[in-house]
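Note that this is a predicted model, so its numbers are computed, not measured.
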Amino acid sequence: MTAGSPPPLPLPPFPPADSSAPIRVLICEDQALVRAGYVTIFSAQPDIEVVGEADNGQAAVEAAKALRPDVAVMDIRMPLLDGIEATRQLAGPGTTPSTRILVVTTFNVDALVYEALRAGASGFLLKDAPPVELVNGVRTVARGDSLLSPAVTRALIGEFAGRVRSADDPAPAPAPTPAPGPGPDAARERERLKVLAPREYEVLRLISAGLSNAEIAAELVLSGETVKTYVSRILTKLDLRDRVQVVVLAYRAGVAPDRR
């Protein structure tokens, strides 16, 4: 992705919840050229407004609290404060997030990305993603959905599922193991899942396998709207923010199917 003017993007209309207001975006990236590229791409969209820029993690936290953007596009490796800690301070446990975090990274399967998702990010993209994916990613996150592609879900979560630990366990995570498995709190997490109806449980497992709503609908022979209803119920019953947290919980509980 460069700072040059991008070609016209064939983007479908995707307005924010309040269609009269643009999606307010904060760019958090330490490389000036990449940051300028993001600004160029987003500024070309009629429904997106770049409200600020930050070149380090501490500035990102301060700008997000002051500007209250809808979405922060967050790099992971930044000076002063890395993107993971910045994400945790803005959207992690114990916070009341007003900004959704979209992590953009150069790493596809990387422990840092997984930790960013656990810290509260709503999803991530790779830095070499085409502009149309970046723009649609911001729109997706802004409307309250998570952005985690099926391929990335399987590779990333599967790789590091064995490292999942309880949020209240202060011990450092062990090194990654070749064979992923449930975390040490699997029994407790499985107990949480008992509030789900059988069909909701099926949907949860398919979400954890990285399937989109359309793919789940095809797999279970349901309508897209019905799947959306099930997803909403799952989030409400389990007190989860988005699909990313569903995936993490399913792997912690050891109920995610191996569809690789």
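No side-chain donor-acceptor contact under 3.5 Å links Glu191 to the backbone of Ala187. Distance alone, capped at 3.5 Å, places no donor-acceptor pair between the Asp75 side chain and the Met78 backbone. Although no hydrogens or angles enter the test, the distance criterion places no donor-acceptor pair under 3.5 Å between the side chain of Glu189 and the main chain of Ala186. Side-chain N or O atoms of Ser232 include none that pairs as donor or acceptor with a backbone N or O of Lys228 at under 3.5 Å. A distance-only check finds a donor-acceptor pair linking the side chain of Arg192 to the backbone of Leu238 [under 3.5 Å]. Checking side-chain atoms of Arg205 against main-chain N and O of Val255 turns up a donor-acceptor pair under 3.5 Å.
A pairwise comparison of heavy atoms in Ile234 and Leu204 identifies CD1-N, 3.7 Å as the closest pair. The shortest non-hydrogen separation linking Leu125 to Leu134 is CD1-CA, 3.7 Å. Arg68 and Lys65 get closest at one heavy-atom pair: CG-O, 3.7 Å. The minimum heavy-atom distance between Ala119 and Ile84, with the atom names listed, is CB-O, 3.8 Å. Taking every heavy atom of both residues into account, Thr99 and Val71 meet most closely at CG2-C, 3.9 Å. Among all heavy-atom pairs drawn from Ala217 and Gly224, the shortest one is CB-N, 4.2 Å.
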Exercise for the section: For Arg139 and Asp47, run salt bridge (charged side-chain N to carboxylate O under 4.0 Å, His left out): C-alpha distance rounded to whole Å, both residues' side-chain angles, the deciding distance at 0.1 Å, then the answer. Expected result: CA-CA 9 Å; Arg139 289 170 174 162; Asp47 60 335; 2.8 Å; yes
Practice task
Determine, step by step, whether Thr226 and Ser223 satisfy the side chain to side chain donor-acceptor pair (under 3.5 Å) criterion, reporting the C-alpha distance in whole Å, the side-chain angles of both residues, the deciding distance to 0.1 Å, and the verdict.
Solution key: CA-CA 5 Å; Thr226 299; Ser223 71; 2.8 Å; yes
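For the side chain to side chain contact (heavy atoms under 4.5 Å, CB included) test, residues two or more places apart in sequence or in another chain that qualify with Leu235 are Val231, Leu240, Val246. Not counting sequence neighbours, Arg233 has no partner by the side chain to side chain donor-acceptor pair (under 3.5 Å) test. In this view, Lys237 and Glu200 satisfy the side chain to side chain donor-acceptor pair (under 3.5 Å) rule, not counting sequence neighbours.
Between atom CD1 of residue Ile76 and atom CG of residue Asp82 there is a gap of 8.5 Å, rounded to the nearest 0.5 Å. Note that OG of Ser212 and CD of Glu219 are 11.0 Å apart. Values are rounded to the nearest 0.5 Å.
Between Glu49 and Ile23 there is no side-chain heavy-atom pair separated by less than 4.5 Å. Considering only heavy atoms from C-beta on, Leu193 comes within 4.5 Å of Leu249 through its side chain. The closest side-chain heavy-atom distance from Tyr38 to Val104 is below 4.5 Å. Contact annotation: the side chain of Val73 never approaches that of Leu26 to less than 4.5 Å [non-hydrogen atoms, C-beta and beyond]. Contact of the Leu102 side chain with the Met74 side chain is not registered, since no non-hydrogen atoms from C-beta on lie closer than 4.5 Å. Between Ser43 and Val50 there is a side-chain heavy-atom pair separated by less than 4.5 Å. Using a 4.5 Å cut-off on side-chain heavy atoms (C-beta onward), Ser122 and Val141 make contact. No side-chain heavy atom of Asp70 sits under 4.5 Å from any side-chain heavy atom of Val25.
Alongside Val221, the hydrophobic cluster contains no other residue (criterion: ILVMFWY side chains under 4.5 Å).
Within the structure, side chain to side chain donor-acceptor pair (under 3.5 Å) contacts touching residues 53-63 (residues at least two apart or in different chains) are Arg35-Glu53, Gln58-Glu62. For residues 23-33, the pairs satisfying salt bridge (charged side-chain N to carboxylate O under 4.0 Å, His left out) are Glu29-Lys127, with sequence neighbours left out.
In terms of hydrophobic clustering, with Ile, Leu, Val, Met, Phe, Trp and Tyr side chains grouped at heavy-atom distances under 4.5 Å, Val135 and Val51 are assigned to different clusters.
Environment of CZ in Arg199: crowded, with over 12 heavy atoms of neighbouring residues, nucleotides or ligands closer than 6.0 Å.
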